[in-house]
Amino acid sequence: MDVREYIRKAVQALGAEAPFVELEVPKVAEHGDLSTPVAMTLARGLGRPPRAVAEEIAAVLSGEEPFERVEVAGPGFINFTFKREFLYGELGRLLKDPSRYLRKEMGKGQRLQVEFVSANPTGPLHLGHGRGAAVGAALSNLLQRAGYDVEREFYVNDAGRQVRLLGESIFSRYKEVLGLSWPFPQEGYRGEYVRGLAETLIRTEGERFKDSEFDEVAGEFIRFGVEQMLKEIEDDLRGFGVVFDRWQSERALYEEGLVQRCLDELRGKGKVYEKEGALWFRSTEYGDDKDRVVIKSDGSPTYFASDIAYHWYKIHRGFQGLINIWGADHHGYIPRIKAVIRALGYPEERLRVLLVQMVTLLRGGVPVQMSKRAGEFVTLREVVEEVGADTTKFIFLTRRPDSHLEFDIEVAKKESAENPVYYVQYAHARIQSIFAKAEEQGLELGEAAGLDRLKEEEEIGLIKKLLLYPLMFEGAVREMEPHRVTFYLQELAGLFHPYYNRHRVLGEEPGLSRARLSLCRAVMAVLGEGLSILGVTAPKRM
RNA sequence: GCCCCCUUAGCUCAGUAGGAUAGAGCACAGGAUUCCUAAUCCUGGUGUCAGAGGUUCGAAUCCUCUAGGGGGCACCA
């Protein structure tokens with residue numbers, strides 16, 4: 001239903017140009033099925049009153065095939081009402097090839113990389129990581145359906161201080177379990193899982209590190225810890241239904257000389273310089289507050305060094321767009337990384353950073369106390385086990401990522417009967433069940449036919465909503481906002497359930513039943529498509 | 001001190017690229033099932049869009065200031 005094309009042509013007939021034709025669904029039914037304020041936007045440039053421009057555009061459009069009525073209203077809106085035959089025709093197209101109708105080609109095979117979660121492999125994933133995972137996965141799915149070639153990547157910070165602290169924490173527990181002692185590192189990881197790791201190590205490696213100093217065996221402890229934690233993280237993510245295409249190790253960036261090569265390139269471009277024994281990156285040249293240290297005066301690299309190399313490497317791997325999904329606490333880091341992109345000679349739009357805000361965990365309205373230092377926190381795994389992956393994801397995806405989220409475990413569970421996710425899934429399951437019944441009754445499903453039998457108000461409403469999916473989809477892709485899908489699905493289910501209650505699909509005269517089955521099939525296809533974007537299951541039975 | 005994000009109904013949140021009379025769910029009250037799944041449906045009302053200025057035909061949306069909440073400002077990661 002590309003109404004935009006009609007409008008664009010009509011605008012051109014006036015000798016004007018509309019780079020983007022805004023379309024909206026009017027809040028009031030009297031304003032038609034769809035509306036555009038384009039005349040008002042153009043009026044200024046044309047130096048003419050908005051209503052006059054609107055009248056002229058409307059005059060051109062009123063002859064076009066899809067429209068029953070084209071009206072000018074208010075300050076200069078153009079309101080469209082579709083012909084029934086047009087709606088049936090579009091529904092037929094949707095049914096004929098749902099994925100073609102529902103997945104608008106926007107990416108043209110452009111390669112995009114979405115990097116998300118990227119939690120330090122020093123502990124289990126917590127709920128905040130879960131939010132990033134849900135958003136990242138849904139966004140990736142969304143972009144993929146828009147024709148982008150998407151890679152999902154997890155960046156593993158397996159170099160540097162944090163993993164060393166993990167190693168030493170394990171080492172200390174290792175000694176402790178063996179009845180020896182080793183001072184626990186100041187900022188070590190105090191969670192119970194560290195003791196578990198130490199015990200595992202004793203089981204597999206025995207007591208052979210018993211008399212060692214940490215420095216002698218640091219490499220082994222770090223490698224072991226990282227490996228175990230990564231395994232656990234990957235498991236947790238799988239349990240959450242989130243899978244990555246690629247895991248990029250930070251350590252590998254060093255080992256393969258990529259950090260060095262990248263810094264050399266920057267040096268060649270004059271973007272880094274030596275001062276006071278350290279190597280600095282000229283980020284002020286790109287609007288950052290101050291230049292940033294890349295290599296410290298003791299010769300060791302900062303985190304920034306590998307992050308520079310990492311982004312350099314991503315671009316060199318041929319991605320036209322990089323999307324980073326970060327926790328909001330990293331937002332101060334954005335100007336620095338953008339500066340890197342520009343210093344390397346690429347437009348900063350090459351990188352888009354989406355921030356995901358913090359999650360406050362509640363249980364029955366009371367905040368759950370978490371102490372990172374003491375290693376006490378509620379893990380993603382625990383929440384998924386208690387609440388379920390579908391519900392957890394759905395809750396994450398019913399909020400804008402950049403606003404704080406209160407996640408009340410009790411509410412998420414208690415609501416389970418009236419939880420939004422079930423509301424949507426239930427619509428899907430109900431339709432499945434109608435089909436099962438129809439099959440029992442030997443009713444031919446076959447090709448969509450007799451759609452013009454759908455005359456009930458609820459049916460017309462459903463059809464219109466279905467046909468709006470592409471408009472929603474396009475907006476969600478453009479703005480990279482998967483939560484729009486979530487809201488759309490709730491609205492669609494909100495039209496289906498009343499319809500289901502008021503009208504019967506089966507048991508009507510066969511022609512009508514077949515038409516209604518077709519409508520149901522379309523609703524199911526759209527629900528299924530949307531849920532698959534969100535990574536939420538579409539159950540056949542509930 | 002400087003910077004970023006947030007503030008919309010009792011609660012949790014939407015509000016699509018500046019558009020018309022600001023919306024859902026929850027909660028609350030009452031009702032619907034001999035019939036395709038009652039995880040459903042129907043009927044009830046709710047707003048100083050944090051506040052004050054500004055930009056314009058038009059602002060919850062853009063700009064400035066103020067208040068409140070969160071986060072960030074290292075040769076930390």
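Every chain is numbered from 1, with letters handed out A, B, ... down the list of sequences. Keep in mind the model is a prediction, meaning the values are calculated, not measured.
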Check this for me: does the side-chain of A:Asp329 come within 3.5 Å of the base of B:rA77 through a donor and an acceptor? no

Confirm from the modelled atom types if A:Glu187 and B:rC76 form a donor-acceptor pair under 3.5 Å, side chain to base only. no

Rounded off to whole Å, could you give me the OH-to-P distance for the A:Tyr333 and B:rC76 pair? 12 Å

Need one value for A:His428: base, sugar-phosphate or nothing, where a base atom within 4.0 Å counts as base even if backbone is also close, heavy atoms only. nothing

For a quick check of understanding: with a heavy-atom distance under 4.0 Å over all strands, which category does A:His31 fall into, base, sugar-phosphate or nothing? base

Pairwise C1' distance, B:rG44 and B:rC49 [rounded to whole Å]: 25 Å

Spacing of the P atoms in B:rU61 and B:rU55 (rounded, Å): 15 Å

Classify the nucleic acid contact of A:Lys540 as base, sugar-phosphate or nothing, counting any heavy atom under 4.0 Å across all strands shown. base

What contact category does A:Ser297 fall into here, base, sugar-phosphate, or nothing, at under 4.0 angstrom with non-hydrogen atoms? base

Applying a 4.0 Å non-hydrogen cut-off, can you work out what A:Ala43 is touching in the nucleic acid: base, sugar-phosphate, or nothing? nothing

Is the closest side-chain donor-acceptor distance between A:Asn324 and A:His311 under 3.5 Å? yes

Looking at B:rG72 and A:His331: do their rings stack (centroid distance under 5.5 Å, interplanar angle under 30°)? no

Is there a side-chain contact between A:Thr41 and the phosphate of B:rG58, meaning an N or O under 4.0 Å from OP1 or OP2? no

On the six-membered ring of A:Phe496, is A:Arg430 placed so that its NZ or CZ lies under 6.0 angstrom from the centre and within 45° of the ring axis? no

Just by distance, with hydrogens left out, do A:Gln162 and A:Thr122 show a side-chain donor and acceptor under 3.5 Å apart? no

Does any donor atom in the side chain of A:Glu459 or A:Tyr499 lie under 3.5 Å from an acceptor atom in the other side chain? yes

Whole-Å P distance, B:rG70 and B:rU12: 15 Å

Using a heavy-atom cut-off of under 4.0 Å over every strand shown, decide if A:Phe487 touches base, sugar-phosphate, or nothing. sugar-phosphate

Give the rounded distance in Å between these two atoms: NZ of A:Lys290 and P of B:rC2. 16 Å

Determine the contact category for A:Arg161: base if any of its heavy atoms lies under 4.0 Å from a base atom, sugar-phosphate if only primed atoms, P, OP1 or OP2 are that close, otherwise nothing. sugar-phosphate

